[in-house]
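What follows is one structure encoded as structure tokens, with my remarks underneath.
Residue numbers begin at 1 in each chain, while the letters A, B, ... track the order of the sequences.
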Amino acid sequence: MKSNTKQGKELDRKKLLSDPILMIIITGISVLLILFVIYPLIMLIGESFEVEPGEGFLANYVNVFKMSTFKSALANTLTIGVISSLLATVVGFIFAYVDAYIDLKSGFLKAIFNIVATLPIVSPPFVLALSALFLFGNAGLVTRGIFGMLSSNIKGYPGIILVQTLTYFPTVYLMLKGLLKNIDPSLEEAVRNMGASRPREFFTVTLPLLLPGIGNAFLVCFLESCADFANPMLIGGNIDTLATSIYLQYTGGWSTGSAGNAAAMAVYLLMITTVFFLIQKYVLEARSVATLTGKASRARILIEDKSVTVPLKIVAGVIGSFVVIMYLCVFYGSIMTVWGRNYHPTLKWWKYLFSGSGEGFKAFGVSFGLAFISACLTSLFAMLIAYIVVKKRFVGRKAIEFVSMLAMAVPGTVLGVAYIRGFVTGVFHSGFLAGIYGSSAILIIVFVVRSLPVGVRSGISALNQIDKSIEESAYDMGANTAKVFSSVTLPLIKDSFFSGLITSFVRSITSISAVILLVTPRIPFITVRINAYADNGNFGVACVYATVLILLGYASIGILDLMTKKLTIKKTEI
Amino acid sequence: MNQKKQMPVKLEHITKVYTNPKTKRNFNAVDDVDFVIKPGEFITLLGPSGCGKTTTLRMIAGFESPDAGEIYFGDQAINALTPNKRDTAMVFQSYALLPHYNVFDNVAYGLKLRKLPKDEIRRKVLGILKLVGLEGTEDRMTNQLSGGQQQRVALARALVIEPAVLLFDEPLSNLDAKLRVSMRTEIRRIQQEVGITAVYVTHDQSEAMAISDRIIIMDKGHIMQMDTPQMVYYHPANHFVADFIGEANFLPAKVLEVYKVTDPKKYGFVVKVSLNGTNVEILSNNGPKPGCDCELVLRPESTTIADDGILECKVIVSTFMGSHQYYQVKYNDCTLKITDYNPRLKKVYQVGDKAFLNFDPTNLQILEK
């Protein structure tokens, strides 16, 4: 019999069309994704091909590539990216390994590990850079205070690499921790049983199984490093990376080059990150899980050998404590009378911001409000997208998933530039939506677009855990799509919804790269203000704001913890 | 339930094409399946995994769309209807109870969608819970119930909306063996009491025998046979059905002569076959051509073992099973299974013994090759 799926597809399409709410959701999401993700990038790419009469098609790309500033920025970006990611991967791996294979015993180490585990969520930009300057800068506590050095060379490569390594290793730690959990200990026991020593077990079983996961973690760090704006800005000295170069091009820090050149530069960065994003997402991510055999059946027998455990614990303990100290330094920086000269505690910087005419409360209110609205919108859209991607079959499903994840590949600075190009004179220069440029609305949109990938990803994994037949049963009993979503799906993914809400809130309130290009002076967004104060050498005020962000981050985690605990208690009670 | 809604279901040349994800080749998961279910009938789709039975059921529910053919409820063609617009209710393999609702709200879910008044919902839910033997559990959360109770909630939830067709997707496969037996009796009792049309999917042939008015046996997307449990057991249409339903021995034979007879037991033919030179006369309802090769189906329990008889064989396995002695014997190149019930008072043959097989010629089925 001839195989022909035409009728089935036609019927599936008819069924989809007979569900108006679903159609509205799909259409609405498609329009928004096209307008706020695809369209600005197309405008940016289009501009990079706008050349003077008589010039070649790729003139902007050729011109930019000839600029010495671009060449050094490109070299800096890639060098820093590789070194920081390598170091972060090594440190993160040590943490994950210690966590999985060694009984920490001491409460101090456990506390350090717990704090490190929260850093990827909280970590506001500038914090580590500020405290690196505080400790090792020209007027640093260590460099001048202890060693009496009159100048230091922390700015530039050492500073950026130190700060990026410390920023990214907790992410590696969490990723690898999850993978190590999925290695069945009986594999390791089997080779030990066949006579392999611990090192041999490590090199023949654990490491090879983890290798794709390690590669994946490395690339995630590399992408972050390439896109990093805040750290090179603050601690880069006269070193520029692609992200900061693009910013300086647009804000007039560099007088050379046309708008087309600037766009070409942004597209260069976009190409680098997109290529690595695609490799990461489609090659390594899938493979890093596929090599693992599944859930661990039993607890692992921990390593007892002191010659292994003690050095590993010391390394992890020292690095972990160092990071914690760096976070505390920011607080100290906020109460120091004169940065690097007078260490006497004072509240003057706090008073400067939070009394009388200080902008502190306004900045806090504005940042909180914007981030909160964005977080609500993000979690709503993320859940809707995850729902239709996981539960519905329609043409364009894969495209919706891909585009909503695409923002992960777009560095914030590039997105900021693309938004300027796309919306200053309205959509396609028509004036339509031109009003959003310079308003709070564009900031909210950028926050949503930037947090969407994380939300969609966690939504997809939450939905995949719900047995398909639970929703089918409701559908079968007569509920339409909207009813199934509200009465069955949503209640079951509540936890994931709230954690998505909090995560995107913290991500938004701590974001800087895209915002800094789009914000106007009327809107005192905290991270932007930190950059401004630090730029003017007013580190005390910058540290006050950074402290506020750290506190906000931990408060959010606390609320999430309370909420999920409350929800879980409710579940066990019933 | 007072009101009886009985609806015939017709599947007309239904085909469903899937693509093998590895080879990217299309194949027909369900291939030209065509049958009619009478109103109030209990039909079971039976077959090994991958035979297309669940896909067929899901097409009736509307979760999958057929690539060819049309499905009718009564006179209404329903291909283009979404599952929520079809008057079906399904009992899922995993029960699919809503974990955040209690028993009452689970059962009331479909009634609330139909916007029934509150007191009527309450009356109906309590009534149906009584029918499935779950009175007093309405305030419990579903995860506090045992597997069998969850199964009953799933059944109550499907029954309470009084669907035209009740669908079961391997509903008992998560229960232990004893509970499976009592639940299938229960499901049959309730279906008879309500008088609803039901389609049931299972790979367990004893479940299918116990529960159904008629069984549809499927393999590789095709219907192999559709008939009552007795007919598929005693008169399997082909080798696959004979092998799949119960235990069967197959003996190669040659048809010698065929006589037409009028027999009260609706056997139309006497067929004389040669089993390796031993001639046997068989009563059959089909009349193969003389001279052709055929296969005789011999059920283990309709064969007896003795010191003399029709076929000479050698015992190679002899195992005491309590209710019966289980033998495997070698006859020529064939290994045959024999179950000899109540072995306590009989002679038990040991491995290596010579013995003879006996059978009633009416208990054989001839399959043409």
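Considering CZ of B/Phe63 and CD of A/Glu472, their distance stands at 4.0 Å, rounded to 0.5 Å. To the nearest 0.5 Å, the span separating CG on A/Leu492 from CG on B/Leu98 amounts to 7.5 Å. Between the OG atom in A/Ser469 and the CG atom in B/Leu97 there is a gap of 9.5 Å [rounded to 0.5 Å]. For the atom pair A/Ser487 OG and B/Lys112 NZ, the distance stands at 10.0 Å (nearest 0.5 Å).
Considering all non-hydrogen atoms of both residues, B/Pro99 and A/Ile470 come closest at CD-CD1, 4.1 Å. B/Tyr109 and A/Val484 get closest at one heavy-atom pair: OH-CA, 4.4 Å.
Ranked by heavy-atom pairs under 4.5 Å with chain A, the first of B/Pro66, B/Ala158, B/Ala89, B/Ala80 is B/Pro66. Here B/Arg114 is the residue among B/Gln93, B/Glu64, B/Lys85, B/Arg114 with the most heavy-atom pairs under 4.5 Å with chain A.
With a 4.5 Å cut-off on non-hydrogen atoms, A/Lys483 touches chain B through its backbone and its side chain both. Contact annotation for B/Leu81: only backbone heavy atoms (N, CA, C, O) come within less than 4.5 Å of a heavy atom of chain A. For B/Arg25, no part lies under 4.5 angstrom from a heavy atom of chain A. Only the side chain of A/Asp467 comes within contact range of chain B, with heavy atoms under 4.5 Å apart.
Around the CG atom of B/Asn20, the shell of radius 6.0 Å holds more than 12 heavy atoms that belong to other residues, nucleotides or ligands. Within a 6.0 Å sphere centred on NZ of A/Lys392, heavy atoms belonging to other residues, nucleotides or ligands number more than 12. A/Phe372 CZ: 12 or fewer foreign heavy atoms inside a 6.0 Å radius. For A/Lys468, the NZ atom sits in a loose shell: 12 or fewer heavy atoms of surrounding residues, nucleotides or ligands are nearer than 6.0 Å.
Considering only heavy atoms from C-beta on, B/Met90 stays 4.5 Å or farther from A/Met477 through its side chain. Contact check for A/Asp476 versus B/Thr88: side-chain heavy atoms found under the 4.5 Å cut-off. Annotation: side chain of B/Asn79 is in contact with side chain of A/Gln7 (closest heavy-atom distance under 4.5 Å).
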- [ ] For B/Tyr95 and A/Ser473, run side-chain hydrogen bond (donor to acceptor under 3.5 Å, both in side chains): C-alpha distance rounded to whole Å, both residues' side-chain angles, the deciding distance at 0.1 Å, then the answer.
- [x] CA-CA 9 Å; B/Tyr95 317 139; A/Ser473 72; over 6 Å; no
